[in-house]
Amino acid sequence: MKTTHGCIGALLVFTAVASLSAHHSFAAEFDVNKPVTLTGAVTKIEWGNPHIWVYVNVKDDHGALQPWQCEGGAPNTLTRSGWSKDSLKADEQITIYGYLAKDGSKTCNLRTVTLPGGKTVFAGSSAPDAPKK
């Protein structure tokens, strides 16, 4: 009986650790003190759990295209905010306001996205100053 309880306990601990490592906090990957504004063309959108990803080509200071990847909120959060997987389309020009990744890559956390028609929508950021919509 003790062996069974020990195995069950070990399994529960392993499951909890695996679950925690699969999902990260905002502060673990992104820097709230490094906001970024990017304007560029959507190249791809991945609509899936636990977060959506928006990929954009952004021109650097020399006019060269730089690929960026931007993490948004969970699809459920975005759906409640009026998004759908068809809200962004390839080649559309958008403006992203977000936060840079701590690792220095061309990755950001989406706070808001300004769509081609000028409408700005909440992008599901888990940043401390993000709206709670």
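Atom CD1 of residue Ile52 and atom CG of residue Leu88 lie 7.0 Å apart, to the nearest 0.5 angstrom. Within the model, atoms CG of Asn109 and NE2 of His51 stand 8.0 Å from one another, a figure rounded to the nearest 0.5 Å. Atoms OH and CD, from Tyr99 and Glu71 in turn, are 13.5 Å apart once rounded to the nearest 0.5 Å.
Remark: side-chain polar atoms of Lys44 are not paired, donor with acceptor, to backbone N or O of Trp53 under 3.5 angstrom.
Hydrophobic clustering of Ile, Leu, Val, Met, Phe, Trp and Tyr side chains at less than 4.5 Å, counting indirect connections, unites Val113 with Leu100.
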Run the numbers on Phe30 and Thr107 for side-chain contact (heavy atoms from CB on, under 4.5 Å), then give the verdict. CA-CA 9 Å; Phe30 302 101; Thr107 303; 4.1 Å; yes
What do the steps show when you test Leu110 against Val54 for side-chain contact (heavy atoms from CB on, under 4.5 Å), and what is the final call? CA-CA 9 Å; Leu110 295 168; Val54 177; 3.9 Å; yes
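The minimum heavy-atom distance between Thr77 and Gly124, with the atom names listed, is CG2-CA, 4.2 Å. Shortest non-hydrogen contact noted between Trp47 and Pro75 is NE1-CB, 3.5 Å. In plain terms, the two heavy atoms of Pro67 and Leu65 that are nearest each other are CD-O, 4.1 Å. For the pair Ser81 and Phe122, the tightest heavy-atom approach, listed with the atom from each and the gap, is OG-CD2, 3.9 Å. Nearest approach of Leu115 to Ser87, heavy atoms of both residues: CD2-O, 4.4 Å.
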Please tabulate, for side-chain N and O atoms in residues 89-98, each donor-acceptor pair with protein atoms closer than 3.5 Å (sequence neighbours left out).
{"from": "Lys89", "atom 1": "NZ", "to": "Asp86", "atom 2": "O", "distance (Å)": "2.7"}
{"from": "Glu92", "atom 1": "OE1", "to": "Lys89", "atom 2": "N", "distance (Å)": "2.9"}
{"from": "Thr95", "atom 1": "OG1", "to": "Thr39", "atom 2": "OG1", "distance (Å)": "3.0"}

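A side-chain hydrogen bond (donor to acceptor under 3.5 Å, both in side chains) check over residues 54-68, counting only residues at least two apart or in different chains, returns the pairs Glu46-Tyr55, Asp60-Gln66.
Here the side chains of Cys70 and Leu38 are in contact, with some heavy-atom distance below 4.5 Å.
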